[in-house]
Visitor: 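Okay, here's the structure, questions in a sec.
All residue numbers in this chain count up from 1 along the given sequence.
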Amino acid sequence: MPQRSETTVQSTRDMTTKALRHQGEKVRSAFFRRVPFLRPPFVSLGVLVSWWFASLLFGAVAAQEAPLSLSLQEALSIAAKNSYDVKMEKIGLESAEYGLKASYGIYDLNLSANWSINLQRDPATSILQAGVGNSVFMQRSDTYGLGLSQFTPWGQQFSLTANETRSRTNSSYYLFNPTYSSYASLSTSLPLLKGFGIKNNHLPVLKAKLDKELAGFQYARDLRDTLLSVEQAYWDLVYARENLDVSRSGLELARQFQSETAAKIKAGVLAPVEQITADAQVAQNEQNIVVAESDVRNREDLLKLAMGYSQESKEWNQRVVPSDDPKRNPGDYDEASLIKQAEQQRPEIAVIAKTLEKNKLDTAFAKNQRLPSLTLQGGLSYAGTAGDYYDPFLNIYVSKGFSDAWSQVSGMDYKSWNVGLVFSYPIQNRAARFNYQNVRLAQNSTEIQLEKEKLVVANDVRLALRNLQTTEKRIAAAELNVKLQQEKLDAEKKKFENGLSTAFNVLSYQDSLISAKSALLKARIDNQEASASLDRAVGTYLASKGLEMAGTGSGEAKP
């Protein structure tokens, strides 16, 4: 009965082949009739051109799909440079740097300039106002000025000004007409109570420095999480590829058993019904391989996305072949020392600690703002005046200008000065008092948050360490299970060969062996990822991968 079935199948194949050949000859003849340059004597040239074009096409495809061998360290280094998440995180870091530089702007030297014209016309109400015969009093002043001012970190303000004024009038009672006036003054003010001290006046710079350090720790935290996701994607790809190999080995076992079953049926040892079970197992394993191959391609795309490869890059269409194998990482660590280390190195704790420092600066400033305002003010000025006038003793007109007026200023001929204290205090002072209470509450909230974060970090370390120890035990148990499943399969195959078992039992044991190998592979991958998670929990992930920060809070990663 099996022999007749095989003969029938072979006859059907022969008939199908002949029909396809005949149909192919008809298509080929019609094609050559429509394309005459492919017929002799042009066929040689056509073949050469076709061969050349095909070589270019398939050569480009082969070059495009050349596999990309990639180690974990290479994947992390590429992601640290190209990852879109890392690029966005660097923007925040650069923004904090610019914010710090901008905060020093409060100490910039400020230059000012002014120019004005003032024309005054009034009806004369006195002969002494405009002179005899003038019913209108007129005076025009043209003023030009320059000024420099600066604010100091201890709260003192300086202002240096110089003005030149030219005045003209129709009054005959002015000594100089026109009159040239020069004026130079230096003034300052210094708070003695409210707003006194470097901490209060240097507050924007101090907070900007903390913001920069905060941005550095936040960048380190985000970079760590990004690279950790890259590593997880890398090991997921390793698992998918090795799981595909396990599925292929299972298919080979199923095909081998299928051949053995067919041979036994042909020899009359087994019933033909056993062939159905063997064939079904092969079909099932082929389906598993299709799913596993799709999973490999998906994992490759996820890894490329995490690494930051764009569609325009040559790596976009390359197959990724991880070159690293998972290593066994023991979990023999001291939990207490790991927790202590995590409290010192975790960026999450550093971020909250820096926030607390900012809160303390705000609290100290708000406390100072409750004081009365007492400001010391002082100034020193020099003046000079010159102009055109009539000298009755010499009976001549004398003409002098700005240079003559300024020589009196530079010669310190006319000095003036002033000094004083200005005191002010709101009687109820509710704004300062209640603002201080709000700032103090914010500081208390951050202190509580810091204590909570330390507890969260300690819990992270415990969970990560326990997970690493669990995966280590899983590896040992999975290795033993693979060994036992292999022994069970070998024993069952011997029983099957002696007619004491069925194909169903043998194939079930094959499935158990494949599942055991997959479980061992998953345990090894989980152990690798658990080790990385422990490094993250302790705060040593970047250092363990050879990526060090350029400085505390700087946020720049260097391999």
Side-chain angles (χ1 to χ4, degrees), residues 61 63-91 219-248 287-327 329 460 463-464 467-468 471 474 514-515 517-537 541-542 544-547 557 559:
V61 172
Q64 184 182 22
E65 296 185 355
L68 173 64
S69 179
L70 197 66
S71 66
L72 175 61
Q73 189 63 36
E74 290 172 341
L76 295 178
S77 299
I78 293 172
K81 297 178 182 178
N82 298 337
S83 172
Y84 294 102
D85 292 335
V86 174
K87 289 179 180 178
M88 290 188 292
E89 292 151 9
K90 284 184 179 179
I91 294 177
Y219 174 76
R221 178 196 62 194
D222 297 339
L223 175 64
R224 174 206 64 194
D225 292 341
T226 298
L227 296 184
L228 183 61
S229 65
V230 172
E231 180 172 356
Q232 291 174 346
Y234 184 90
W235 292 121
D236 287 345
L237 176 58
V238 171
Y239 171 76
R241 289 180 61 87
E242 295 192 9
N243 188 58
L244 176 59
D245 292 339
V246 171
S247 298
R248 286 171 176 167
Q287 180 181 353
N288 293 340
I289 287 179
V290 172
V291 175
E293 288 177 344
S294 177
D295 187 51
V296 169
R297 297 304 295 266
N298 293 338
R299 297 298 178 182
E300 288 178 359
D301 289 343
L302 290 175
L303 178 58
K304 291 176 185 177
L305 176 62
M307 293 169 60
Y309 283 134
S310 64
Q311 296 185 41
E312 293 76 18
S313 64
K314 64 177 182 179
E315 294 85 2
W316 179 259
N317 292 319
Q318 285 182 292
R319 300 299 302 271
V320 181
V321 180
S323 59
D324 288 350
D325 295 324
K327 300 177 181 179
N329 300 279
D460 286 346
L463 293 177
N467 189 29
L468 179 61
T471 56
R474 283 174 53 196
I514 294 173
S515 298
K517 289 181 178 180
S518 296
L520 174 59
L521 174 60
K522 189 67 169 64
R524 289 174 177 171
I525 296 297
D526 288 346
N527 177 259
Q528 191 72 41
E529 294 182 353
S531 178
S533 296
L534 181 60
D535 290 337
R536 175 197 177 278
Y541 180 80
L542 294 178
S544 68
K545 302 305 177 184
L547 295 170

Visitor: Flag the pair Ser313 / Lys304 as yes when at least one side-chain heavy-atom distance between them is below 4.5 Å, and no otherwise.
Guide: no
Visitor: Going by salt bridge (Lys or Arg N to Asp or Glu O under 4.0 Å), name the residues that satisfy it together with Asp245, two or more places apart in sequence or in a different chain.
Guide: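 Per chain and number, Asp245 pairs via salt bridge (Lys or Arg N to Asp or Glu O under 4.0 Å) with Arg248.
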Visitor: Salt bridge check: are Arg299 and Asp295 linked by an N-O gap of less than 4.0 Å?
Guide: yes
Visitor: Just to verify, what does Lys522 make a salt bridge (Lys or Arg N to Asp or Glu O under 4.0 Å) with, not counting sequence neighbours?
Guide: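 So Lys522 forms a salt bridge (Lys or Arg N to Asp or Glu O under 4.0 Å) with Asp526.
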Visitor: What are the two closest non-hydrogen atoms of Val230 and Leu303, and how far apart are they?
Guide: O-CD1, 3.8 Å
Visitor: Determine whether Val320 and Glu315 make a side-chain contact, defined as any pair of heavy atoms from C-beta on separated by less than 4.5 Å.
Guide: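 Sidechains of Glu315 and Val320: no contact.
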Visitor: Compare all side-chain heavy atoms of Glu529 with those of Asn467 and state whether any distance is below 4.5 angstrom.
Guide: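 No, their side chains stay 4.5 Å or more apart.
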Visitor: How long is the span from the CG atom in Leu68 to the CH2 atom in Trp316, to the nearest 0.5 Å?
Guide: 14.0 Å
Visitor: Taking the side chain from Ser77 and the backbone from Glu74, do they hold a donor-acceptor pair closer than 3.5 Å?
Guide: no
Visitor: When rounded to the nearest 0.5 angstrom, what is the spacing between OH in Tyr219 and OG1 in Thr226?
Guide: 9.0 Å
Visitor: If you measure from CZ on Arg524 to OG1 on Thr471, what distance do you get to the nearest 0.5 Å?
Guide: 12.5 Å
Visitor: Side-chain contact test, heavy atoms from C-beta onward, threshold under 4.5 Å: evaluate it for Arg241 versus Glu300 and give yes or no.
Guide: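 Touching, per the 4.5 Å side-chain cut-off.
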Visitor: Using a 3.5 Å cut-off and no angle test, enumerate the donor-acceptor pairs between side-chain atoms of residues 232-240 and protein atoms at least two apart in sequence or in another chain.
Guide:
from   : atom 1 : to     : atom 2 : distance (Å)
Tyr234 : OH     : Leu70  : O      : 2.8
Tyr234 : OH     : Leu72  : N      : 3.4
Tyr234 : OH     : Ser323 : N      : 3.2
Tyr234 : OH     : Asp324 : N      : 3.1
Trp235 : NE1    : Glu231 : OE2    : 3.2

Visitor: Do Ile525 and Gln528 have side-chain heavy atoms sitting under 4.5 Å apart?
Guide: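 Result no, sub-4.5 Å side-chain heavy-atom pair not found.
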